[in-house]
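Structure record follows, encoded as C-alpha cells.
Residue numbering restarts at 1 for every chain, and letters A, B, ... go by the order of the sequence lines.
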2 protein chains.
Amino acid sequence: MSRDRGRGERDDAGVSTTRKTFAILETLADADGVTITELTRRTEFTKSTVYRHLTTLVDLGYVVERDGAYDVGFRFLEISEQARTRRRGYTAAKRSVFELGKETDERAVFIVEEEYEGVYVHRYGSLSDTMIGKRRPLHSLASGKVILSEWDDDTVADFVATAGLDAITDNTITDPDALAAELERIRDRGYAVNNEEHMDGLRSVAVPVYTPDDDLLGALSVFGPTSRFTDEYVHDALPNRLRDKAGEIRVTLAYG
Amino acid sequence: MSRDRGRGERDDAGVSTTRKTFAILETLADADGVTITELTRRTEFTKSTVYRHLTTLVDLGYVVERDGAYDVGFRFLEISEQARTRRRGYTAAKRSVFELGKETDERAVFIVEEEYEGVYVHRYGSLSDTMIGKRRPLHSLASGKVILSEWDDDTVADFVATAGLDAITDNTITDPDALAAELERIRDRGYAVNNEEHMDGLRSVAVPVYTPDDDLLGALSVFGPTSRFTDEYVHDALPNRLRDKAGEIRVTLAYG
DNA sequence: AATGAATGTTCCGAATAATAAAACAGAATC
DNA sequence: GATTCTGTTTTATTATTCGGAACATTCATT
C-alpha cells in the first residue's frame, strides 16, 4: 500500500557519508542529552565514526555539547525558519493560529503539504506535545483532506498510488472512491471534518487558506475531544470562525 | 578581538564530506528556489559534487525540488523543534511572547544563549523580518546583557575573551569595565535597557526568565523605535509588564 | 522544424578521505 | 588504588568521494 520507494531507501545513491551524518543527527534529535557511547549504542556505527561525525557537527555549530552530553542546537532553527518563511502567508498564518486558539480556547494548527504529507507548521495549544514539524498522512487529517480537495483527480490518484491510504484508526478513509466522495463533499461545504480518523476520541475541522491570487497556501484547523466537539460545534460554530480567520490571512497578504 | 577559532574553521578536523553537505545546504537556505547550476556557481564545488550532495539531501527529505528549483524543506523543522522544546520553559515562553506583543502592541522576543551568542527563539512582530533562529552578540542586546548579568565574573571574562566586544553601533559597549558596571546596574534594577547599542534608532528592554528552581531560562524583551521608546516608557511601564510575563512563565512551569 | 545554448545526469579512473579496530588517556566508581 | 567505564587518538586498509568529460535533455530562438 505504501509507496515503493520511501525516504532514504535508495541507500546506494548519492553521498553515503552524508547519510551517516543525518542518521546520527536524527538519533541525536530523538534522544535527549545523550553521550557518545550511548549514541554509538543506538546507531549501527562504531564509536570512532560517531565521534568523528559528532565532532564535525559540533564544530559546525549544529550540535552543542554540555558537560559530556550532546544535543541538537539552535543552528537548525535558522534553516527551518527559512522554510517556514518561504511564503509570506506562512508567517501571516502564525498569528491567525494563535488568535484562533486563544479565541476558541481550542488547539489550533496551520498545516502545509510537502512530499504528499501534511506538515504541522504552526500551532497553538498545550505546553507539551508540540507537533510542529511532525508529518502525518494527508488522508487522515481534516486539513489534509482540505488540501486534497483542492487537487485535480490525477494528482489525487497519484497521491493514492504513491502514499497509499493506510488505516490509522478504524475510521480512516482507506477506499479511493470513498475518498473521492468525501473530497467532493468538502468542496461543496468549504470545510472538512475529521471524525476520529486520525486518533480515537479526536475530532477536528479544517478550512483551506488561500493567497490573494487564489493559490492554496495550506489549511487552518481546530481539534479537540469528541465530548466537546459536538456536531453542532463542528458543523456550525467552528467552520465560520475558521473561514473568517482564513479570510483574514488573505486580506493581510493583500493589504497588510 | 573576535575569538581565534570560529565556527567551521578547523576544516581539517572530522568529516569533510559533511562540511561540504552543510556548505551546500547553507548556500541553498540563503538562496531561494535555486537550480543546481546556480548552486554550483555560488559554491566552490563542481557541478557533479553539488548534484550528488543535493540528490542525497532530496532523497533524505531535507531538500525539496519543485520544477527544477531546490529549497530547504520542512524536515528541518522537526529537528529544530527538538531544540526549541528541549526545556519546557521555552514552550511556555512562546505564549508569553505572543501575549506580551499583543498587549503592548510592540515587537517582543524571547532569547536564549547558545555558544556565547544570543539566539532568537520566539518572536511576535511584523510579518516580514522574522529574526527567529538568528544569532547576535550578547553584549549588544538588552536580552544578552540580562543573560550576561546572571553569570559570574569568570564566565563573563571568558565570554569577553572568546567572543570579544565588537562595536555593532557607536553605542555598543566595547570596554570590559564598562560592561561590568552595566551588568551590575542590571542586577540592581532587575532589567536591562538597550540604547541603540545594536541598531541605530532602536531601544529595547529585557528581563530575565527563571524556572521554578531559579535557573535562568532566557530573556524576554520588547523593542521599538527611539521615538516611541521614551525614558519613561522604557524605565517604568515596560519593566513591570515584562517582569509580570516572566513571572507568569515561572508560575506556569511550577503549576500549569 | 532545426539549431544552439543552456541545463541536468551519468560514467569513470585517480586520489582522497572515511572507516574500524585497537591502543591510549582520563574520569568516575567502588 | 584498582577497575570499569567513558572519550580521544592513531594507523593501515578500504571504500568513497571527487572532478572532468561525455551524454542527455530541455528550452529558447530563428
Side-chain angles (χ1 to χ4, degrees), chain A residues 4-5 7-73 115, chain B residues 4-5 7-73 115:
Chain A
D4 322 66
R5 182 136 284 182
R7 163 172 123 82
E9 276 174 23
R10 287 168 47 206
D11 47 333
D12 50 324
V15 190
S16 66
T17 307
T18 302
R19 289 178 195 279
K20 265 179 209 152
T21 296
F22 276 100
I24 291 170
L25 211 40
E26 287 172 14
T27 313
L28 181 67
D30 280 341
D32 213 63
V34 91
T35 132
I36 288 183
T37 12
E38 180 57 27
L39 252 182
T40 308
R41 264 193 287 270
R42 298 196 189 201
T43 56
E44 47 175 346
F45 312 117
T46 55
K47 194 163 65 162
S48 56
T49 300
V50 173
Y51 175 81
R52 200 157 14 81
H53 279 260
L54 222 53
T55 304
T56 312
L57 287 168
V58 169
D59 186 47
L60 287 171
Y62 288 99
V63 168
V64 289
E65 186 255 324
R66 265 184 300 269
D67 35 73
Y70 291 87
D71 258 315
V72 290
E115 311 257 275
Chain B
D4 324 63
R5 181 136 286 182
R7 161 172 125 83
E9 275 176 23
R10 286 168 47 206
D11 47 331
D12 51 325
V15 190
S16 68
T17 307
T18 302
R19 288 177 196 281
K20 264 179 211 152
T21 296
F22 277 99
I24 290 170
L25 210 39
E26 287 172 13
T27 313
L28 181 66
D30 280 342
D32 214 63
V34 90
T35 130
I36 288 184
T37 11
E38 180 57 27
L39 252 182
T40 308
R41 264 193 286 269
R42 298 196 188 201
T43 56
E44 45 174 349
F45 312 116
T46 55
K47 195 163 63 163
S48 55
T49 300
V50 172
Y51 176 81
R52 199 157 13 81
H53 280 259
L54 221 54
T55 303
T56 311
L57 287 168
V58 168
D59 186 48
L60 287 170
Y62 288 98
V63 168
V64 289
E65 186 255 323
R66 266 185 300 269
D67 34 74
Y70 292 87
D71 257 315
V72 290
E115 311 257 275

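Counting to the nearest Å, the C1' atom of dT9(D) and the CG atom of Leu54(A) are 16 Å from each other. If you take NZ of Lys20(B) and C1' of dT16(D), they are 11 Å apart, rounded to a whole angstrom. Summarising the geometry, the separation between CD1 on Ile36(A) and P on dA27(C) is reported as 15 Å, rounded to the nearest angstrom. Taking atom OH of residue Tyr51(B) and atom C1' of nucleotide dT17(D), one finds them 16 Å apart after rounding to whole Å. Rounded to a whole Å, the CZ atom of Phe45(A) is 8 Å from the P atom of dA20(C). Separating the CG atom of Asp67(A) from the P atom of dA27(C) is a distance of 14 Å, rounded to the nearest angstrom. At whole-Å resolution of the value, CZ in Arg19(B) and C1' in dC18(D) are 18 Å apart. Atom NZ of Lys47(A) is separated from atom C1' of dT10(D) by 14 Å (rounded to the nearest Å).
In this structure the side chain of Leu54(A) never reaches within 4.5 angstrom of the side chain of Glu65(A), judged on heavy atoms. Thr56(A) places none of its side-chain heavy atoms less than 4.5 Å from the side chain of Val63(A).
Distances shorter than 4.0 Å separate none of the side-chain N or O atoms of Arg52(B) from OP1 or OP2 on dT17(D). Distances shorter than 4.0 Å separate none of the side-chain N or O atoms of Ser16(A) from OP1 or OP2 on dA18(C). Under 4.0 angstrom from either OP1 or OP2 of dT19(C) there lies at least one side-chain N or O belonging to His53(A).
If you check the side chains of Thr27(A) and Thr43(A), you find no donor sitting under 3.5 Å from an acceptor.
Summary of the strand contacts: Thr46(B) and Gly68(A) both lie near DNA chain D, and taking for each the nucleotide with the nearest heavy atom, the more 5' one is attributed to Gly68(A). Looking at which nucleotide of DNA chain D each of Thr17(A) and Ser48(A) is closest to, the 5′-most match is held by Ser48(A).
Of all non-hydrogen atoms in Tyr70(A) and Leu28(A), the two that sit nearest each other are O-CD1, 3.5 Å. Smallest separation of non-hydrogen atoms from Ile36(A) and Lys47(A): CG2-CG, 4.2 Å.
Of the listed nucleotides (dT7(C), dG7(D), dC18(D)), dT7(C) has the atom at the smallest distance from the side chain of Thr37(B).
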